[in-house]
Amino acid sequence: MADLDPEMCAQVYVDWEYRKIWDSYVLDLHPIKDKSSGMEGLYWCVDYPWPLSDRDYTFVRDFKIVEIDGVRTYAVMAKSHLFPEEKERSGIVRVDSFQQSCVMRTDGKVGSKAFMHYYDNPKGMIPTWLINWAAKTGVPQFLDMMRKAVFGYPEFLETRAKELGLEKMDNVERMRRLYGVAASEIPADQLPSQH
């Protein structure tokens, strides 16, 4: 992604509220919490093409910023997790085996390199045409949607900050409030600056 800053890509990737706006496959996406353990995670319902049933996920996610060979690197790890309060919904298949990792860093110029490893068991028979579509069309289409989302993100942040009355807060506090589920665990010196 030759013209996308990795810091901004990481912000867009983990911002679940913004994801509902730019990702056309999201039917529902919101934070959830296990009342007994206090564990926080996300519920995500994905639009599958007809005639397949839509799929949903309950999962935990971790976001880290690390230095690797002197290069700031953004890592997002997610895996399925049972949240008893989030009951299965009629007509939607629950994906209960899911793992994902995504790492973003500079391309050495002004852009980004992204590395993603993804696995899920969507259950049922997934036709070959859908697998081929995902490999040939779905991934490039996702990257195009994300590219547009990155360029629209500053405007979204400004609007959201005004809605929440955060425009007078410093960037660290604002990003903690805007980041979502794991924001309180991100040390101040590891929060991306706002562009």
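In the displayed structure, E155 atom CD is contacted under 6.0 Å by at most 12 heavy atoms of other residues, nucleotides or ligands. Within a 6.0 Å radius of CD in E85, other residues, nucleotides and ligands contribute more than 12 heavy atoms. Shown here is K123, whose NZ atom has more than 12 heavy atoms of other residues, nucleotides or ligands within 6.0 Å. Heavy atoms of other residues, nucleotides or ligands lying less than 6.0 angstrom from NZ of K33 number 12 at most.
Considering only heavy atoms from C-beta on, S80 stays 4.5 Å or farther from Q99 through its side chain. Residues K79 and F98 form no side-chain contact, since every pair of their non-hydrogen atoms from C-beta on lies 4.5 Å or further apart. Contact annotation: the side chain of Y43 never approaches that of F59 to less than 4.5 Å [non-hydrogen atoms, C-beta and beyond]. You'll find the side chain of M146 reaches within 4.5 Å of the side chain of C9, heavy atoms only. At a threshold of 4.5 Å between non-hydrogen side-chain atoms, the residues T73 and I65 do not count as touching. For the pair V60 and M39, the minimum side-chain heavy-atom distance is below 4.5 Å. By the 4.5 Å heavy-atom criterion applied to side chains, S112 and E7 are not counted as neighbours.
Between atom OG1 of residue T106 and atom CG of residue L4 there is a gap of 11.5 Å, rounded to the nearest 0.5 Å. The NE2 atom of H30 lies 10.0 Å from the SG atom of C45; values are rounded to the nearest 0.5 Å. Taking CD1 from I92 and CG from D28, the interatomic distance works out to 8.5 Å, rounded to the nearest 0.5 Å. Once rounded to the nearest 0.5 Å, the distance linking OH of Y13 with CG of D23 reads 10.0 Å. Of the inter-residue distances, the one linking Y153 atom OH with I21 atom CD1 reads 10.0 Å to the nearest 0.5 angstrom.
Using a 4.0 Å cut-off between a side-chain N of Lys or Arg and a carboxylate O of Asp or Glu, E17 and R160 qualify as a salt bridge. A salt bridge does not link D15 with R19: every distance from a Lys NZ or Arg NE/NH1/NH2 to an Asp or Glu carboxylate oxygen is 4.0 Å or more. With respect to D3 and R147, a salt bridge is recorded, a charged nitrogen being found less than 4.0 Å from a carboxylate O.
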Test H81 against F83 for ring-ring contact (aromatic ring centres under 6.0 Å, His included), laying out the working first. CA-CA 6 Å; H81 183 82; F83 285 85; 4.9 Å; yes

Checking side-chain contact (heavy atoms from CB on, under 4.5 Å) for the pair Q100/H117: CA distance, chi angles, key distance, verdict? CA-CA 6 Å; Q100 177 186 52; H117 180 262; over 6 Å; no

Test log, rule side-chain contact (heavy atoms from CB on, under 4.5 Å), inputs T58 and I32: CA-CA 8 Å; T58 60; I32 52 179; 4.0 Å; yes

Under the side-chain contact (heavy atoms from CB on, under 4.5 Å) rule, what do I68 and V66 come out as? Steps first, then yes or no, please. CA-CA 6 Å; I68 299 175; V66 295; 3.9 Å; yes

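Minimum heavy-atom separation, P84 to D34: CD-OD2, 3.7 Å. S53 and G91 get closest at one heavy-atom pair: CB-O, 3.7 Å.
Between the side chain of D107 and the backbone N or O of K109 there is at least one donor-acceptor pair closer than 3.5 Å. In this structure a side-chain-to-backbone donor-acceptor pair under 3.5 Å is present from R94 to K87. No donor-acceptor pair closer than 3.5 Å links the side chain of D56 to the backbone N or O of W44.
Side-chain contact annotation: Y57 with D120, donor-acceptor N/O pair under 3.5 Å present. For the 3.5 Å distance criterion, the side chains of Y25 and Q141 qualify, holding a donor opposite an acceptor.
W129 and F142 fall within the same hydrophobic cluster, defined by Ile, Leu, Val, Met, Phe, Trp and Tyr side-chain heavy atoms under 4.5 Å apart, directly or through other members. Taking hydrophobic clusters as Ile, Leu, Val, Met, Phe, Trp and Tyr residues chained together by side-chain heavy-atom distances below 4.5 Å, Y74 does not share a cluster with V71. Placement of Y18 and L27 in two distinct hydrophobic clusters is found when ILVMFWY residues are connected by side-chain heavy-atom separations under 4.5 Å, directly or transitively. Hydrophobic clustering keeps V95 apart from M77 (ILVMFWY residues linked when any side-chain heavy atoms are closer than 4.5 Å, directly or through intermediates). Grouping the Ile, Leu, Val, Met, Phe, Trp and Tyr side chains by contacts below 4.5 angstrom, directly or via other members, places L29 with Y48.
Taking the centre of each ring, F151 and W22 stay at or above the 6.0 Å mark.
With a 6.0 Å cutoff to the six-membered ring centre and a 45° limit on the axis angle, R105 does not count as a cation-pi contact of F115.
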